[in-house]
Q: 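Take a look at the following structure, please.
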Amino acid sequence: MAPARRSEVLVIGVGNPDRADDGIGPLVARRLSERHSNGARVVVCSGDVLGLIDDWAGAAVAILIDAAALLSQPGVVHRVDLQSDALPCELSRPSTHAFGIAEAVALARALGRLPERVIVYAVECACFDAGGAMTAAVAAVADELAAHIAAEIKTMQHPDEARHA
Amino acid sequence: MATKTIRVDLMARVEGEGALDLAIQDGKVTRAQLRIFEPPRLFEALLRGRAYSETPDIVARICGICPIAYQMGAVHAIEQAFGMSVNGALRDLRRLIYCGEWIESHALHVVMLHAPDFLGYPDAIRMAADHGERVKAGLALKKTGNEILRVLGGREVHPVNVKVGGFYRLPERADLARLAGDLERARGHAQDLLEWASGFAFPDFERDYEFVALRHPQEYPINAGRIVSSRGLDLAIEDFHDEFEERQVEHSTALQAVLKRRGSYLVGPLARYSLNFDRLPPQVQALARQAGLGAVCRNPFKSILVRAVEMVYACEEALRLIASYVPPAAASLPVTVRAGVGQGCTEAPRGICHHRYEIDADGAIVSARIVPPTSQNQLSIEEDLAEVAARNLDLPDDALRDRCEQTIRNYDPCISCSAHFLKLSVRRA
């Protein structure tokens, strides 16, 4: 994957589409690229999250959509803007050999490769079974979340229009 | 008598969950046990009754870092049971995807998991602030290894393109050409990392291991060879279970493998390198010597150097395989199912990984037995720990604990493969 161009908005759907709700990130990414990405580059990361660090080098904004552990109800969406908030550890899954998004963000920051702005949408999920169907409440948020992110990208790219709208 | 206990609830930078119990009495180490309490994963039982064709994709799930090792052990064993062998370009493609696995696995361990030990950082993230270029090089190497898996295996984690008889789909020439460009840069990164690591301060520690690895008439061993040891063992892979046995120990949910006649042995980069230095290309041998390695390395702390040497080799070998690639007539050979027993053994990044399957006339798995490298190294890890601790009893508890953790990380143990890992307690009486 070519590195992102400077000033680019990069949207990354993180997750494995073959593991039920874990596919929500890729599903939102697909909805966004099918309908209204508003010029953002949309990619899917189904494997090594450390690879993201290269992908987002030079991008001004990175928007990540990922599955999160269940805290309240499947389908609840958390928006974390890393400019002002830390990524809550309750939402990340610990691992040793496989690094998670929190580690990738920290490492990119240390390497000077973190985009100026990183926004994480974490969707609470209930089922990560291999080959399982996505929980209805999780799948139901895909369209709305894609539309919300598209609007957010438009606002970032045309702040004046958004102000006068 | 005063008793002192040092406890680490979860050890960082190893794969899986477990604990180490170190008992010290009257200034002597009386017990060093690697307690693995990860629940058994029962893959061998899971395979029983499944079709032979499902096996490569099931065993790939044993490990997210070394799925190719499991896939290759399985397909080789099943092909042997069916009386077939895969050669030529298909064999080369299998070796190429295996090079990808060595590159991504070794890059992760050398830079992200092991190097912080030598430089006094708690993790790679803290190390990145001072050694950013090295971390970037490690990430680039890992990405190149992952990309080889993606191009040949369909995806970078748990690839889905390996099958009995070959592959489901052949790679495009353009994709291989692009990989070659990545590999040229990766080879440079690997050389830089080897030079960097050669400047680390290594503990003065050697043990007289019995090294066990594959040996091939021409190649540095990855996917084929006889099983040899530094004490004269020379076996066909079919005779593995005649000389080695797995045994249960009370403190581990993973089986421990031992040599029936001599006990502990060592598999992995140190063994592979020390038994096959003459199979490395001259330019790679020269780089190893420049880094301070001899033809044999018995210092487990220097395994980081050997892994870096193997990264350089894997990049060179991958480039050679791509340059000589002529697409085969078909992506896979026809398979004729028959009842039988087959065995396969390849060099996973952490050492030999042996598979044995019995298959019925319909192609269903009757029995499966998989001996992963970390199971084979468990006893050696315990012996290293006992000796490292004995030589460092004068260290403060924190420093002793750090040294013990480093000793374990020398092995890049993959506890999730062997059953997972680590809580460390030291009891001084």
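Just so it is clear: chains get the letters A, B, ... in the order the sequence lines come, proteins before strands, and each one is counted from 1. Basis for what follows: all heavy atoms, side chains included, without hydrogens, waters or symmetry-related copies. It should be emphasised that the depicted structure is a prediction, and the values quoted were computed from it without experimental measurement.
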Q: Check whether more than 12 heavy atoms from other residues, nucleotides or ligands sit under 6.0 Å from atom CZ of A:Arg79, and answer yes or no.
A: yes
Q: How close do A:Leu107 and B:Ala124 get, heavy atom to heavy atom, and via which atoms?
A: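 For A:Leu107 and B:Ala124, the tightest heavy-atom pair comes out as CD1-O, 4.0 Å.
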Q: In this structure, are over 12 heavy atoms from other groups packed under 6.0 Å from B:Arg50 atom CZ?
A: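 No, because the 6.0 Å sphere around CZ of B:Arg50 holds 12 heavy atoms or fewer from other groups.
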Q: In terms of heavy-atom contacts, does CD of B:Glu54 have more than 12 from other residues, nucleotides or ligands at under 6.0 Å?
A: yes
Q: Rounded at 0.5 Å granularity, tell me how far CG in A:Leu50 sits from CG in B:Leu108.
A: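 A:Leu50 CG to B:Leu108 CG: 7.0 Å, rounded to 0.5 Å.
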Q: Using non-hydrogen atoms and a 4.5 Å limit, figure out which bit of A:Arg109 sits close to chain B: side chain, backbone, both or neither.
A: neither
Q: Return the minimal non-hydrogen interatomic distance between B:Arg155 and A:Asp18, and the atom names on each side.
A: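 The pair with the smallest heavy-atom distance is NH1-OD2, 3.3 Å.
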Q: Heavy-atom cut-off 4.5 Å, strictly under: side chain, backbone, both or neither for A:Ile53 against chain B?
A: side chain
Q: Can you find a pair of side-chain heavy atoms, one from B:Leu139 and one from A:Leu111, that are under 4.5 Å apart?
A: yes
Q: With chain A as the partner, which of B:Gly132, B:Ala128, B:Ser105 has the greatest number of non-hydrogen pairs under 4.5 Å?
A: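 Heavy-atom pair counts peak at B:Ala128.
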